[in-house]
Every structure is written in C-alpha cells, then in structure tokens.
2 protein chains.
Amino acid sequence: MTDLNPDIFKHIDPERRGTTSEEVIAQLREMIHRGDLRPGDRLPPERDLAKMLGVSRPTLRAGIRSLAAVGVLQSRQGAGTFVVKADGPPSLDSSPLRLMASLHGFTSAEMFEARQALEMAVAGLAAERATGDQMATMAEEVAGMFASLDDPEQFLVHDVRFHQTVAAASGNRILTSLMNMVATILFDTRIKTVKRATDLRESAEMHRHVYRAIREHDPEAARLAMSAHLSKAQMAWEAEADAPEGLLPEGNGSNGNGAGFSL
Amino acid sequence: MTDLNPDIFKHIDPERRGTTSEEVIAQLREMIHRGDLRPGDRLPPERDLAKMLGVSRPTLRAGIRSLAAVGVLQSRQGAGTFVVKADGPPSLDSSPLRLMASLHGFTSAEMFEARQALEMAVAGLAAERATGDQMATMAEEVAGMFASLDDPEQFLVHDVRFHQTVAAASGNRILTSLMNMVATILFDTRIKTVKRATDLRESAEMHRHVYRAIREHDPEAARLAMSAHLSKAQMAWEAEADAPEGLLPEGNGSNGNGAGFSL
DNA sequence: GGTTCAAATCGGTCATACCATTCTTCCTGT
DNA sequence: ACAGGAAGAATGGTATGACCGATTTGAACC
C-alpha cells in the first residue's frame with residue numbers, strides 16, 4: 001500500500017492523437033502493462049498527479065473514472081485512488097454484460113447456455129488438474145448441500161462455493177472470470193429458483209456426480225455431469241418463470257415478451 | 001436517430017444511497033434495462049440533461065463517462081451522446097481483460113486455453129444450428145484461405161472471418177462476445193505467427209475439417225477439429241515466441257468497430 | 001436545385017471554490 | 001506511560017462558470 005515514486009509519471013505530449021483524457025487513460029494503462037502500477041498501489045493525489053501530467057484535474061478525473069468503471073482503479077474519498085487489489089480470484093465486472101443483454105435482448109436461454117459451456121470447460125479442466133485440497137473442499141461443499149436440504153439459502157451458499165472451487169481447480173483464471181461474470185448475472189434468478197425447489201436432494205446428487213468425476217480425473221464425465229446439472233437447473237428455472245408468481249423486478253412494460261428477461 | 005422524450009428523465013432523489021454520480025449511473029442503467037433507452041438513441045445535451053436530473057454537469061459527465069468506458073454510451077464532440085448502436089454482433093470491450101491480465105500476470109497459455117474452450121463450445125453449437133447461408137460463408141472463407149496460401153495477411157483475414165461465421169452460427173451472442181473478447185487480445189500475436197507460418201496449407205486443411213464437421217451436423221467432431229486447430233496454432237505461436245514472455249501489446253482500445261476484430 | 005459558408009449546437013477542457021469523508025497526529029486524561 | 005479522542009490535514013466528490021473545438025444545420029448564394 002505504499003505510495004509511488006512520482007517520477008514515473010510523465011507529462012502528456014501536447015501533440016497527441018485523440019482527446020486529452022484518452023491520452024491520460026492510455027498513459028495509465030501503459031503503466032499498468034509495463035508494471036509501473038501494481039495491484040494495491042496508491043496513485044498520487046489528483047491535484048498533484050494532474051500537475052505531473054500537465055492536465056487539469058477534471059480531465060485527470062475523467063481518465064481515472066474510465067479506468068475505475070472497468071474495475072482497474074478504485075477511488076475512496078478521503079483516502080486516495082488505488083490500483084485494485086486482488087484478494088480473491090480476479091473478477092470482471094458483469095454490468096457491461098448485463099447492459100449488453102438488455103440492449104440487444106439477449107434471451108435467458110442464451111445466458112444459461114453460455115454458463116453451461118463455461119462451466120463444462122472448467123469442469124473438464126478441473127478433472128485434469130484439481131489438487132487434493134481442492135477436491136477436499138468440493139467434497140465438503142457437497143456434504144454441506146446434503147446437510148442443508150431444508151435450508152435453501154444455506155444450500156445456495158454451498159452451491160456457489162462448489163462451483164467456485166471447481167473453477168479455481170481448473171487453473172484458468174480467465175475462464176474463471178468469464179464464468180463468474182455470467183454466473184453473477186444469473187445469481188438473482190437462482191435465488192428464487194432454489195428457494196422453492198422441491199428437489200434440493202437431486203441437485204446435491206448431481207453435484208456429487210460432478211465431484212466424483214473430477215476425483216476420478218475423468219474430464220469427459222465431469223463435463224457431462226456438469227452439463228446435466230445445469231440443464232436441470234435451467235429447466236427448474238423455466239418452470240418457475242412460467243408460473244405467474246411474477247416477482248421479476250421489472251415492471252414496466254413493454255414488452256417483453258418473448259423470452260425476455262430482466263437482468 | 002431520433003431524440004428522446006425528455007419527460008422520461010427524472011430528478012435524482014436527494015436522499016440517495018451512494019454518491020451523486022453513482023446515482024446518475026444507476027438511473028441511466030435502469031432506463032436501459034427498462035427499455036427507455038434503446039440502441040441508437042441520442043441523449044439530451046449534457047447541459048439540459050444535468051438540469052433534468054438536478055445535478056451539475058461535471059457530475060453528469062462522470063456518469064456518462066463511466067457508461068462510455070464499458071461500451072454502452074458513446075459521445076461525439078459536436079454531435080451528442082448516443083446509446084451504442086449494434087451494427088454487428090455485440091462486442092464487449094477487451095481492454096478490461098487486457099488490464100486484468102497485466103495486473104495478475106495471466107499467462108499466454110491461459111489465454112490460449114480460454115480461447116480454445118470458447119471456440120470449441122461455439123463450434124459444437126454451430127454444428128447443431130448452422131444455416132445453409134452460414135455454412136456457405138464458411139466454405140467461401142476456407143476457399144479464400146486456400147487461395148491465399150502465399151499471402152499471409154489475406155489468409156488471416158479469411159481466418160478471422162471464418163471463426164466469426166462459426167461464432168455467429170452458434171446462435172449464442174454471449175459466447176460470441178466472450179470469444180471475440182479473448183480472440184481480440186490474441187490477434188496481434190496471431191499476425192506475427194501467421195506471417196511467418198510455413199504451413200498455411202495445414203491450417204487451411206484444419207479449418208476445412210471444422211467446416212465439414214459443422215456441415216455434417218456433428219458437434220463432437222466440430223469440437224475436436226476446432227480443438228486440434230487451435231492447439232496447432234498455439235504450438236506455432238510458442239515456437240515463434242520462445243524468447244519473449246511478455247504478451248499483450250497495447251492496442252487502440254475502445255470498441256468502435258462493430259466487427260470485434262480490428263483490421 | 002445544388003453548393004458553400006456562417007451561426008447555432010454540443011461535447012471537451014480548464015480554473016476555482018467548497019463540501020464530505022478519511023486519515024493522521026497530537027493532546028488530554030487516567 | 002499509555003490509551004482514547006478530538007482537531008486538523010489530506011483527499012476525493014460536487015458545483016459554477018467560462019471558453020474552445022468539432023459537428024451539425026440551415027440559409028444565402030451561385
């Protein structure tokens with residue numbers, strides 16, 4: 001969490017290509033790629049940094065805000081601006097995907113299918129690479145599911161942790177990030193589904209099948225087990241969605257229609 | 001594109017939760033989810049919109065900039081601010097993933113593996129759903145590759161278009177977006193690889209295998225053929241780049257073109 | 001009717017001031 | 001001497017106002 005050597009910041013070239021704020025973004029981005037800015041680093045105060053770069057504070061703030069919007073920087077009033085610290089698995093913001101979904105009318109079927117494809121991929125990789133500790137964690141979460149058959153909320157906690165463990169065991173942080181991105185969007189709908197699910201036991205069984213395939217280092221079996229599990233989950237969700245219990249946070253109108261769904 | 005009815009913009013509640021600009025973002029985002037803002041729509045001028053929302057212009061600009069950073073809005077000096085128009089397949093900005101890769105030291109192996117997983121998924125789906133037109137386009141691109149064996153740059157153009165056609169044939173725009181996101185990052189490295197590739201013919205052959213599997217509606221064969229193709233491509237790249245461990249040269253950033261790949 | 005140019009429009013940038021939150025430091029009281 | 005708290009400094013957040021440059025628009029002109 002140390003501050004940075006101010007010398008690494010250089011003035012913006014007046015004869016630049018695009019707008020001034022774009023040049024600020026480009027410079028900060030390049031410093032990240034070059035390794036001058038590392039996770040947890042604290043940037044100089046806006047007033048000072050603006051002086052160093054030779055731009056006004058609003059322009060600098062515009063650049064910082066753009067990088068903050070994509071999850072690279074984080075500003076805290078009174079504290080400073082920091083390069084995002086990676087404590088868990090790196091995560092990409094899902095709101096861009098959410099907005100794209102709304103703008104282009106992505107269907108829930110597409111969303112489920114994308115999640116299924118990603119989860120199958122990580123399950124297959126996990127079957128090849130999972131360590132003993134990771135498999136132990138999976139087993140614990142499966143056990144937790146069986147122990148929470150009468151507590152849907154707790155069940156969902158174990159469910160989520162199981163999938164995250166599988167993703168971590170895949171050893172591919174990019175696929176993990178993409179999977180989380182999609183899964184996050186579907187999370188709210190999962191809450192509602194799981195809460196009224198009559199067959200949590202069946203879900204737990206399917207998770208156990210995934211676990212066993214991974215333990216046996218059988219990628220294809222793991223992929224198929226994961227696929228079956230998610231297909232079942234999607235069917236359960238669709239059954240709920242048809243029911244007129246409309247708790248979709250939306251309202252409005254429009255249309256919706258068809259296969260629409262609010263993310 | 002038409003302007004909007006100003007009445008749909010409402011004042012920001014003074015007793016809000018987070019910061020003012022966050023509230024602006026939340027409101028704009030909700031309007032997109034609700035369908036009040038549609039692709040191609042033009043927002044009111046910043047000065048007017050700031051009045052309508054009851055915030056200052058810098059605060060409004062902060063919100064707009066955040067949404068522009070994730071590719072939802074686009075401002076053009078002198079023209080106005082627009083909701084991004086979907087001319088091609090919707091595309092997510094790849095720079096966040098690029099930055100995450102630099103910050104967390106993602107390896108090129110992970111990147112290739114993620115691309116391989118996504119391409120396999122879309123290839124399998126394409127084998128199930130590709131239309132006649134789409135298969136015809138694929139065949140044309142394969143033919144174009146064979147016709148460009150002595151012109152690596154032209155070969156790469158057909159290569160990219162082939163993969164995009166397959167992705168489009170998958171019918172899943174989310175997977176397509178994610179795939180483009182990863183593929184874009186690897187694009188510059190592909191240029192270098194393909195330029196010195198000694199066996200473009202073999203690459204073209206492998207693309208043809210993918211095409212044939214899709215034409216025969218054989219998902220598993222399509223997945224395997226695509227996997228083999230990308231494994232080969234990765235090996236070729238690794239052979240070229242033994243020395244440098246660095247990846248991720250900085251690109252233009254920003255979305256812009258509807259194609260996803262910047263050529 | 002088509003072209004050109006000037007005015008209006010609109011986002012980009014800058015300067016400045018003040019507010020809200022957080023951090024630091026020093027003082028106070030035990 | 002030490003712990004607690006309060007005052008001040010540091011820092012990001014917001015607001016106001018102005019000017020610039022790019023774009024659009026429309027009217028005048030050919």
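Source: prediction; values computed, not measured.
When the P atom of D:dG13 is taken as reference, atom CD of B:Glu22 falls 9 Å away, rounded to whole Å. At whole-Å resolution of the value, CG in A:Asp48 and C1' in D:dG12 are 13 Å apart. Between the CD atom of B:Gln74 and the P atom of D:dT23 there is a distance of 13 Å, rounded to whole Å. Summarising the geometry, the separation between CZ on A:Arg47 and C1' on C:dA15 is reported as 13 Å, rounded to the nearest angstrom. Across the protein-nucleic acid pair, B:Lys51 atom NZ and D:dA15 atom P stand 11 Å apart, rounded to whole Å. As rounded to whole Å, 7 Å separates atom P of D:dG13 from atom CZ of A:Arg65. In this structure, the CD atom of A:Glu46 is 15 Å from the C1' atom of C:dA15, given to the nearest Å. Between A:Arg76 atom CZ and C:dT21 atom P the separation is 15 Å, expressed in whole Å.
Axis deviation across the helix from C:dG1-D:dC30 to C:dT30-D:dA1 amounts to 0°, comparing end segments of five pairs, rounded to 10 degrees.
To the nearest 0.5 angstrom, A:Ile32 atom CD1 is 5.5 Å from A:Leu73 atom CG. From B:Leu178, atom CG reaches atom CG of B:Leu97 across 9.5 Å, with rounding to the nearest 0.5 Å. Rounded to the nearest 0.5 angstrom, A:His33 NE2 and B:Leu99 CG are separated by 4.5 Å. Annotation: the span from A:Met181 atom CE to A:Arg98 atom CZ amounts to 11.0 Å, rounded to 0.5 Å.
Picking from C:dG11, D:dG12, C:dA15 the nucleotide with the shortest atom distance to the side chain of A:Pro58 gives C:dA15. Listed candidates were D:dT11, D:dT14, C:dT13. Nearest to the side chain of B:Ser56 is D:dT14. The side chain of B:Thr19 has D:dT14 as its nearest neighbour among D:dT11, C:dT22, D:dT14. Comparing atom distances between the B:Ala79 side chain and each of D:dT14, D:dT24, C:dC10 picks out D:dT24 as nearest.
In this structure, B:Ser21 does not reach the D:dG13 phosphate: none of its side-chain N or O atoms is under 4.0 Å from OP1 or OP2. A sub-4.0 Å separation between OP1 or OP2 of D:dG13 and a side-chain N or O of B:Thr59 is absent. Distances shorter than 4.0 Å separate some side-chain N or O of B:Thr81 from OP1 or OP2 on C:dG11. Between C:dC10 and B:Arg42, a contact under 4.0 Å exists linking OP1 or OP2 to a side-chain N or O.
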Exercise. Could you walk me through whether A:Met31 and A:Val83 pass the side-chain contact (heavy atoms from CB on, under 4.5 Å) test, one step at a time?
Key: CA-CA 11 Å; A:Met31 291 178 62; A:Val83 180; over 6 Å; no

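Counting heavy atoms from C-beta on, the side chains of B:Leu118 and A:Leu118 come closer than 4.5 Å.
Between A:Asp93 and A:Ser95, the side chains place a donor N or O and an acceptor N or O closer than 3.5 Å (distance only, hydrogens not considered). A:Thr59 and A:Ser21 share no side-chain donor-acceptor pair at under 3.5 Å.
Residue B:Arg57 is classed as a base contact, given a heavy-atom separation below 4.0 Å to a base.
For D:dG12, the base has no donor-acceptor partner in the side chain of A:Arg61 [N/O atoms by modelled type, under 3.5 angstrom]. A donor-acceptor contact under 3.5 Å is formed by the side chain of B:Gln77 with the base of D:dG21.
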